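Everything below concerns the one structure shown next.
Reckoned from all heavy atoms, side chains included, excluding hydrogens, waters and symmetry mates. Only a predicted model underlies this, so the values are computations on that prediction, with no experimental measurement involved.
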Amino acid sequence: MNDLTRFITEEDGITTVEVILILLVLIALVLIFKKELTGLVNSILSKAVKQANQV
């Protein structure tokens, strides 16, 4: 009976499910905002290149 109780209360698999759900949400956000993220990264990199050329 003790083994059955331990098996029922075990929560090791929950963390795996949570990590998978978080990754799915992040991937969905990246796909939704891909255009905006690309523009933001390009803007940051171009400013960094301009400032590096001034040094």
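- Remark: Glu18 CD to Leu21 CG distance equals 8.0 Å, nearest 0.5 Å.
- Every residue meeting the side chain to side chain contact (heavy atoms under 4.5 Å, CB included) condition with Leu29, not counting sequence neighbours, appears here in chain and number order: Val25, Phe33.
- Once rounded to the nearest 0.5 Å, the distance linking CD1 of Ile22 with CD1 of Ile27 reads 12.0 Å.
- Ser43 contributes no side-chain N or O that, together with a main-chain N or O of Gly39, makes up a donor-acceptor pair within less than 3.5 Å.
- Shortest non-hydrogen contact noted between Val30 and Leu37 is CA-CD1, 4.2 Å.
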